Amino acid sequence: MQVRACQMPAEELEAGSRLAAIRWLIADAASDGADVVVFPELAPTGYGAGDVIRDGAEAADGVTLSEIRQLADDHEVTVILGLAVRAEGGVVNAAVVAQPKQAPIVYAKQHLYGDYEKALFVPGTKASPIFEVAGAKAGVLVCFDVEFPERVRELALAGAEIVFVPTALPAGEASRFIAESVVPVRAFENHLFVVYVNHVGRDGRFAYQGLSCIAAPDGSRIALAPEDRPATIDATIDGTDYATAVAINPYLDELRAATLLRERALTAMEREDELWTR
């Protein structure tokens with residue numbers, strides 16, 4: 001699988017200008033042979049646009065996502081980006097997956113970050129579905145979600161081989177640690193790839209860390225964007241290249257085995273209790 005991650009500038013622009021940039025980046029990625037092109041959290045509006053994001057949010061069949069779907073169809077490429085989506089119960093901070101000739105996938109961010117997001121969005125309550133792209137099983141998360149080990153682990157246990165993460169990581173030392181250490185560890189401990197795609201620069205509210213990356217199952221970052229400018233990064237995703245790293249530390253196999261033993265022990269205890277109560 002050929003993946004392109006697009007680290008976009010955070011500067012405040014009209015929505016039409018950001019969409020024009022997204023159109024061009026999708027076409028460019030497809031012309032270079034990408035199977036998947038990934039954008040940051042809330043890419044069409046920018047992350048710091050505030051009430052404009054909530055007030056302009058469309059349903060999943062709205063104009064913006066319809067255009068993204070059409071671009072995926074036209075260029076025969078899977079497009080993944082962050083987008084505010086109006087859903088039942090309120091507006092969600094979503095990662096949307098547009099695959100050629102398929103219905104879109106809309107995953108709602110479960111862990112909203114800080115008062116800013118909690119004032120704009122309602123949290124999601126469901127894990128990402130597992131979907132297939134270029135022969136691999138994949139899932140999506142949004143930004144803060146990936147910092148919770150449970151969220152990545154549940155996708156790994158469901159069969160994900162790659163997790164795409166549109167993000168809006170703010171600038172700061174803690175954020176540098178997240179980009180440089182936490183994200184690669186999530187890949188390492190779950191035997192999968194993590195495609196982590198950020199904004200860079202500054203808008204009217206926030207500054208962003210950049211440092212988008214593609215992390216591999218051995219914990220290495222096989223593609224890395226700078227922290228000071230927009231960039232596109234590319235990687236070839238092939239899990240067989242990392243079979244040795246997985247074999248040395250078979251975390252998922254050991255977890256499944258331990259879970260099975262625990263379930264058997266609990267079943268035996270329940271049967272014993274049942275005998276004593278007869």
Side-chain angles (χ1 to χ4, degrees), residues 3 5 38 40-41 80 82 92-95 97 105 107-114 117-118 121-131 133 136-198 208-209 211-224 235 237 239 242-263 266:
V3 175
V38 192
E41 183 176 7
I80 299 172
V92 297
N93 184 348
V97 182
I105 294 167
Y107 162 76
K109 185 176 184 177
Q110 295 177 73
H111 299 285
L112 299 176
Y113 182 75
E117 287 191 21
K118 291 173 183 177
F121 305 110
V122 296
T125 58
K126 297 180 180 178
S128 163
I130 302 300
F131 56 95
V133 55
K137 292 181 178 179
V140 287
L141 295 171
V142 180
C143 195
F144 198 35
D145 286 338
V146 81
E147 297 170 41
F148 292 80
E150 301 84 353
R151 296 288 77 80
V152 185
R153 179 57 54 85
E154 69 187 355
L155 296 181
L157 290 173
E161 300 164 276
I162 180 169
V163 177
F164 299 99
V165 188
T167 190
L169 184 70
E173 285 306 308
S175 294
R176 179 182 295 278
F177 177 77
I178 291 164
E180 294 182 342
S181 299
V182 173
V183 171
V185 166
R186 291 290 172 269
F188 178 79
E189 67 192 2
N190 291 291
H191 305 158
L192 45 68
F193 295 87
V194 177
V195 181
Y196 187 75
V197 190
N198 199 15
Y208 302 89
Q209 188 67 54
L211 296 180
S212 300
C213 71
I214 300 174
D218 65 352
S220 64
R221 290 182 293 172
I222 56 177
L224 175 64
I237 302 295
Y242 300 90
T244 300
V246 172
I248 292 171
N249 296 294
Y251 299 123
L252 298 182
D253 288 345
E254 292 295 331
L255 179 60
R256 291 185 178 105
T259 301
L260 182 60
L261 286 173
R262 188 182 302 113
E263 289 173 350
L266 287 171

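Remember, it's a predicted structure, so these values are computed and weren't measured experimentally. Heavy-atom basis, side chains included; hydrogens, waters and symmetry copies ignored.
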Note: Glu189 and Arg186 closest approach over all heavy atoms is OE2-NH1, 2.8 Å
Check: Gln110 side chain, Pro123 main-chain N or O, donor-acceptor pair, under 3.5 Å
no
Using a 3.5 Å distance criterion without hydrogens, assess whether the side chain of Asp218 forms a donor-acceptor pair with backbone atoms of Ser220.
yes
Minimum heavy-atom distance between Leu169 and Asn198, given as atom pair plus value
N-OD1, 2.8 Å
Ignoring hydrogens, what is the shortest heavy-atom contact between Ala160 and Ala138? Give both atom names and the distance.
CB-C, 4.4 Å
Heavy-atom side-chain contact between Val133 and Phe164 under 4.5 Å
yes
Would you check if the side chain of Arg151 reaches a backbone N or O of Leu141 as a donor-acceptor pair within less than 3.5 Å?
no
So, Glu41 versus Asn93: side-chain donor-acceptor pair below 3.5 Å or not?
yes
Dump the intermediate steps for side chain to side chain contact (heavy atoms under 4.5 Å, CB included) on Ile162 and Ile237, then the final yes or no.
CA-CA 9 Å; Ile162 180 169; Ile237 302 295; 4.2 Å; yes
Using 0.5 Å steps for rounding, measure from the OG atom of Ser181 to the CZ atom of Arg221.
7.5 Å
Please work out which of the three classes, parallel, tilted or perpendicular, describes the rings of Phe144 and Tyr113, given edges at 30° and 60°.
perpendicular
Side chain to side chain contact (heavy atoms under 4.5 Å, CB included) between Val92 and Phe121: does it pass, once the steps are laid out?
CA-CA 5 Å; Val92 297; Phe121 305 110; 5.7 Å; no
What's the separation between atom CD in Glu180 and atom CG in Leu211, rounded to the nearest 0.5 Å?
5.5 Å
Is there any side chain to side chain donor-acceptor pair (under 3.5 Å) pair reaching into residues 244-263, and which pairs are they, with sequence neighbours excluded?
none
Minimal non-hydrogen separation, Val122 against Leu112, with atom names
C-CD1, 3.8 Å
Does the side chain of Phe193 come within less than 4.5 Å of Pro217's, by heavy atoms?
yes
Between CG of Leu155 and NZ of Lys137, what distance do you get to the nearest 0.5 Å?
13.0 Å
Applying side chain to side chain contact (heavy atoms under 4.5 Å, CB included), name anything that partners Ala136, two or more places apart in sequence or on another chain.
Met1, Glu161
Do the non-hydrogen side-chain atoms of Pro166 and Val197 ever get within less than 4.5 Å of each other?
no
Evaluate side chain to side chain contact (heavy atoms under 4.5 Å, CB included) for Val152 paired with Leu192, printing each intermediate quantity in order.
CA-CA 9 Å; Val152 185; Leu192 45 68; 4.2 Å; yes
Closest non-hydrogen atoms of Pro40 and Thr167, given as atom of the first, atom of the second and distance, are CB-O, 3.6 Å
Audit row: Leu255, Arg153, side chain to side chain contact (heavy atoms under 4.5 Å, CB included) steps and yes/no
CA-CA 11 Å; Leu255 179 60; Arg153 179 57 54 85; 3.4 Å; yes
Taking all heavy atoms of Glu154 and all of Ala127, pick out the closest pair and write down the distance.
OE2-CB, 3.7 Å
Just by distance, no angles: are the side chains of Tyr107 and Asp145 close enough, under 3.5 Å, to form a donor-acceptor pair?
yes
Measure the spacing between SG of Cys143 and NE2 of His111 and express it to the nearest 0.5 Å.
12.0 Å
